[in-house]
2 protein chains.
Amino acid sequence: MDEMPALDAMDRAILRLLQRDAGLSLAEIAAEVGLTPTPCWKRIRRMEQAGVILGRVALVDPAKVGLPLSVFVEIESADHSAAWIERFNAALDTMPEVVECWRMGGDVDYLLRVVVPDIASYDAFYRRLVAAVPSLRNVTGRFAMERVKGTTALPI
Amino acid sequence: MDEMPALDAMDRAILRLLQRDAGLSLAEIAAEVGLTPTPCWKRIRRMEQAGVILGRVALVDPAKVGLPLSVFVEIESADHSAAWIERFNAALDTMPEVVECWRMGGDVDYLLRVVVPDIASYDAFYRRLVAAVPSLRNVTGRFAMERVKGTTALPI
DNA sequence: AATGAAATAAGATGCAC
DNA sequence: GTGCATCTTATTTCATT
């Protein structure tokens with residue numbers, strides 16, 4: 001996570017490729033951006049150490065592993081103390097079906113995305129959540145019907 | 001994308017590892033799950049061909065590339081014809097700042113997540129969206145303050 | 001200071017058992 | 001599923017611009 005000079009156009013080109021396919025060989029990346037493997041490799045390593053590149057992960061098809069349902073959960077809390085936040089975060093850590101949690105501006109405090117096999121599993125999750133976290137004023141689950149677009153690639 | 005027998009415990013263990021770090025060597029994965037590299041490699045290749053593993057990508061820190069703001073956009077349409085849907089999808093394709101789009105049940109038709117540098121950029125996006133897509137009854141942007149949790153790893 | 005060429009080390013793939 | 005041979009690719013060193 002060292003300090004790092006601003007990314008140039010070449011760095012950005014490399015990031016765009018790596019965001020689409022982290023399995024590309026150095027030779028392929030280098031050829032694509034117009035460089036030889038060595039400087040290309042150094043740029044990638046520099047961006048990894050600077051934390052620009054957070055990691056390389058495999059993406060799995062949710063339906064193919066029995067998790068076809070995504071539910072967005074809006075949460076309003078009656079308590080905004082540090083203690084409550086800590087308890088809420090601790091609960092999230094123990095719930096792997098929560099794949100995203102955003103603290104929001106506006107009327108809703110948090111927006112979660114929960115990935116589950118079916119509606120019954122969502123209900124079970126909901127009960128666990130309400131049991132684990134106190135002072136929940138409102139919890140609203142909204143069901144996704146279809147993922148129309150979904151990418152991990154940022155518009156760089 | 002061939003047909004594939006159900007995933008066994010070993011397949012799932014491999015997926016869990018690969019979802020956390022796709023850069024692990026075959027030897028490391030094999031040792032972790034208690035196998036030798038070759039069968040481990042065959043399982044991975046089988047899951048890739050079956051589409052269980054969708055790909056390997058690099059994850060980039062949004063703030064470090066000048067994209068610190070995520071906005072969730074709720075969309076209600078007055079038109080639900082096939083023609084409208086096609087036009088909407090086409091518009092999404094041309095908008096890389098839309099990283100996610102879900103078709104929802106309930107009152108809201110679509111929920112997007114848009115990644116932008118700042119509020120002004122979101123406003124510019126909003127104008128382009130409204131100009132490109134007809135029959136939008138309601139478009140509400142909700143700003144995320146903080147990503148409390150975010151993972152691409154499904155609870156396998 | 002950044003790049004490129006060549007040598008080395010590590011790992012992935014395929015085969016025989 | 002295991003162990004080994006081979007072949008590709010990442011990584012390092014060093015010369016060059």
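Chain letters run A, B, ... following the sequence lines, proteins first, then strands; residues in each count from 1.
- When the C1' atom of dA12(C) is taken as reference, atom CD1 of I44(B) falls 11 Å away, rounded to whole Å.
- The nearest whole Å value for the distance from the CG atom in L26(B) to the C1' atom in dT8(D) is 14 Å.
- A salt bridge links E48(A) to R56(A): at least one charged side-chain nitrogen sits closer than 4.0 Å to a carboxylate oxygen.
- Taking only side-chain nitrogens and oxygens, R43(A) never comes nearer than 4.0 Å to OP1 or OP2 of dA2(C).
- Considering only side-chain atoms of T36(B), the nucleotide from dG3(D), dG4(C), dA10(D) that sits closest is dG3(D).
- Remark: nothing in residues 9-21 of chain A comes within less than 4.0 Å of DNA chain C through any heavy atom.
- A 4.5 Å side-chain heavy-atom check between F143(B) and I119(B) finds at least one atom pair inside the cut-off.
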Could you list all N or O pairs between the protein and nucleotides 15-17 of chain C that sit under 3.5 Å apart?
none

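- Side-chain contact between L7(A) and M47(A) is present, with at least one heavy-atom pair separated by less than 4.5 Å.
- You'll find that the side chain of L35(B) is closest to dG1(D), out of dA10(D), dG1(D), dA12(C).
- Between Y110(A) and F88(A), the two ring planes are tilted [angle within 30° to 60°].
- Distances shorter than 4.0 Å separate some side-chain N or O of W41(A) from OP1 or OP2 on dT11(D).
- A salt bridge links D11(B) and R46(B); the closest N-O separation between the charged side-chain nitrogens and carboxylate oxygens is under 4.0 Å.
- Residue pairs meeting the side-chain hydrogen bond (donor to acceptor under 3.5 Å, both in side chains) criterion with at least one member in residues 83-98 of chain A, sequence neighbours excluded, are E97(A)-R128(A).
- For the pair D8(A) CG and dA1(C) P, the computed distance is 16 Å after rounding to whole Å.
- When rounded to the nearest whole Å, the span between CD1 of I29(B) and P of dG11(C) equals 12 Å.
- Between V73(B) and Y122(B) there is a side-chain heavy-atom pair separated by less than 4.5 Å.
- Within the 4.5 Å cutoff, side-chain heavy atoms of L129(B) are placed close to those of I75(B).
- Side-chain contact check for H80(B) versus D109(B): some heavy-atom pair is nearer than 4.5 Å.
- If you measure from atom CD of E48(B) to atom P of dA12(C), you get 12 Å, rounded to the nearest angstrom.
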